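First the structure, in the form of structure tokens, and then the observations on it.
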2 protein chains.
Amino acid sequence: MAETRWLDDDEQETWRAYLEGTRLLIQALDRQLETDSGVSFTDYELLVHLSEAPGHRLRMRDLADASFTSRSGVTRAVTRLEDAGWVRRVECDDDRRGMHAELTEAGAAKLAEAAPGHVGAVREHMFDHLSPADRAHIKDAYARMRAHLRPTP
Amino acid sequence: MAETRWLDDDEQETWRAYLEGTRLLIQALDRQLETDSGVSFTDYELLVHLSEAPGHRLRMRDLADASFTSRSGVTRAVTRLEDAGWVRRVECDDDRRGMHAELTEAGAAKLAEAAPGHVGAVREHMFDHLSPADRAHIKDAYARMRAHLRPTP
DNA sequence: ATGACATTGTTGCTCGGTCAACTATTCCCG
DNA sequence: CGGGAATAGTTGACCGAGCAACAATGTCAT
């Protein structure tokens, strides 16, 4: 059993600032989207992923991977978005198990409507507080952490 | 209506790396705590807050503030922790509406048992990937964001 | 070709969390 | 002092997400 290397004061402060800042940030973004456009943050992100995909469609599995959630979560989310009219399910013709989630016109419109406010909030609450050096360090550091936590095969 | 200042490529990458890295990190920490000690990350944090409070107790409201969740969330969480035997409710004698959540011996023991593994995971998944400069920038940047999002009166 | 195994998406169950409403208490100002 | 407003904590209704189980389909070695 190795000796535990506890966090020193500086590490503690870093950890707390990061955790709490992140929690507040996500809450703020969620509230902004919900009140200004009637979309949750998670739904917004799903729409973004679809809008960036070729043909505005993605396999359910790929959507789950892209959004870092479970497959069942995506199933329910897509049902929700379908009910709202922003997404439709399209069967896959090369894989009869498969399903595409495809962005509808209404979904694209919703995204276009919601995006400016969201980007504004991201700027106001995050990027406006970052120096270029902050940004560079954050980008590289989290990219490293991401690579460590989800190694690409 | 002001012109929208969209995120440039570098900002996009930063935003994605940060969001995705954070999501993976929290998932990893949650899984580690759950499988190694049978505690969720949120419950673990509540125990930590109590352990750091004078007398190992905190008013429900203060616990809610400290953990950035709603009061009802804390009510249910404390009930959960009480059922596990890690926390007890103690009436407040100077405010008859008030309630303290107080860490029990068993709760302190649970925390002591879970902490090394958790700290190890935080190191492995985060601090081991940060240079001193990374850490300094992250600490200051998120402290600024936090101050902006929850101004202290 | 065929049989074992993997993968896809959905569902039932359950859990944790929020919002709004409620009761009990305290605060504060006329 | 008294009465309206604020605050503390809890609860009910609801929602979103995860896990395990499942049927359907695909893959691959022999």
Side-chain angles (χ1 to χ4, degrees), chain A residues 23-24 26-35 38-47 49-50 57-84 86-102 153, chain B residues 22-24 26-35 38-47 50 57-84 86-102 153:
Chain A
R23 214 155 280 177
L24 288 168
I26 301 300
Q27 283 173 7
L29 296 180
D30 211 347
R31 244 199 335 272
Q32 184 276 325
L33 276 171
E34 193 67 62
T35 64
V39 199
S40 70
F41 186 43
T42 61
D43 286 358
Y44 178 85
E45 285 202 298
L46 292 177
L47 296 181
H49 288 305
L50 292 179
R57 52 164 64 179
L58 234 38
R59 287 286 296 257
M60 300 296 278
R61 169 74 200 217
D62 295 333
L63 193 48
D65 285 353
S67 54
F68 293 79
T69 56
S70 63
R71 261 150 279 150
S72 62
V74 168
T75 291
R76 298 184 205 292
V78 167
T79 304
R80 197 163 61 230
L81 295 172
E82 218 174 9
D83 291 346
W86 300 332
V87 159
R88 75 177 133 256
R89 277 180 164 87
V90 179
E91 288 179 8
C92 215
D93 48 356
D94 57 324
D95 185 344
R96 294 172 59 190
R97 297 167 302 179
M99 273 292 179
H100 291 282
E102 183 180 287
Chain B
T22 296
R23 214 155 281 176
L24 288 167
I26 300 300
Q27 284 173 6
L29 296 180
D30 212 347
R31 243 199 335 270
Q32 184 276 324
L33 277 171
E34 193 66 61
T35 63
V39 199
S40 70
F41 186 43
T42 61
D43 285 359
Y44 177 86
E45 284 202 298
L46 292 177
L47 297 181
L50 292 179
R57 53 164 61 178
L58 234 38
R59 288 285 297 258
M60 300 295 279
R61 169 72 199 218
D62 297 331
L63 193 48
D65 285 353
S67 55
F68 294 79
T69 56
S70 65
R71 262 154 279 148
S72 61
V74 168
T75 290
R76 299 192 202 296
V78 167
T79 303
R80 196 163 61 230
L81 295 172
E82 219 174 8
D83 290 346
W86 300 332
V87 160
R88 74 176 133 255
R89 278 179 164 86
V90 178
E91 288 179 8
C92 217
D93 47 358
D94 57 322
D95 184 345
R96 295 171 57 191
R97 298 167 301 181
M99 272 293 180
H100 291 283
E102 184 179 287

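Throughout, a chain's letter reflects where its sequence line sits, starting with A, and its residues are numbered from 1. Keep in mind it's a predicted model, so treat the numbers as computed, not measured.
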If you look at every strand shown and take non-hydrogen atoms under 4.0 Å, does [X] touch a base, only sugar-phosphate, or nothing?
X       : value
B:Arg61 : sugar-phosphate
B:Arg80 : sugar-phosphate
B:Ser40 : nothing
B:Thr79 : nothing

> Between A:Leu50 and A:Leu46, does a side chain to side chain contact (heavy atoms under 4.5 Å, CB included) hold up when you go through it step by step?
Replying inline: CA-CA 6 Å; A:Leu50 292 179; A:Leu46 292 177; 5.6 Å; no
> Out of B:Thr75, B:Val87, B:Thr42, which residue meets the side-chain contact (heavy atoms from CB on, under 4.5 Å) rule with B:Arg80?
Replying inline: B:Thr42
> Closest nucleotide of DNA chain D for A:Asp95 versus for B:Val74: which of these residues is on the 5' side?
Replying inline: B:Val74
>> Checking A:Arg23 now: which residues fulfil side chain to side chain contact (heavy atoms under 4.5 Å, CB included) with it, not counting sequence neighbours?
In response: A:Leu19, A:Gln27, B:Phe41, B:Glu45, B:Phe68
> Please walk me through it: do A:Met99 and A:Glu91 pass side chain to side chain contact (heavy atoms under 4.5 Å, CB included)?
Replying inline: CA-CA 5 Å; A:Met99 273 292 179; A:Glu91 288 179 8; 3.8 Å; yes
>> Going 5' to 3' along DNA chain C, which are the first and last nucleotides with any atom under 4.0 Å from a heavy atom of chain B?
In response: C:dG16 to C:dT26
>> For B:Leu33 and B:Ser40: C-alpha separation, side-chain torsions, deciding distance, then whether side chain to side chain contact (heavy atoms under 4.5 Å, CB included) applies.
In response: CA-CA 6 Å; B:Leu33 277 171; B:Ser40 70; over 6 Å; no
>> Between A:Arg31 and A:Ser72, which residue's closest nucleotide on DNA chain C lies nearer the 5′ terminus?
In response: A:Ser72
> Between B:Thr69 and B:Arg96, who's closer to the 5' end of DNA chain C by nearest nucleotide?
Replying inline: B:Thr69
>> Going 5' to 3' along DNA chain D, which are the first and last nucleotides with any atom under 4.0 Å from a heavy atom of chain A?
In response: D:dG16 to D:dG26
> Going through the checks in order, is the side chain to side chain contact (heavy atoms under 4.5 Å, CB included) test met by A:Arg61 and A:Val74?
Replying inline: CA-CA 8 Å; A:Arg61 169 74 200 217; A:Val74 168; over 6 Å; no
>> For a quick test of reading the model, state the closest non-hydrogen atom pair linking B:Ser70 to B:Ala64 and the distance between them.
In response: O-CB, 4.0 Å
> What heavy-atom pair brings B:Val78 and B:Ala101 nearest, and what distance separates the two atoms?
Replying inline: CG2-CB, 4.1 Å
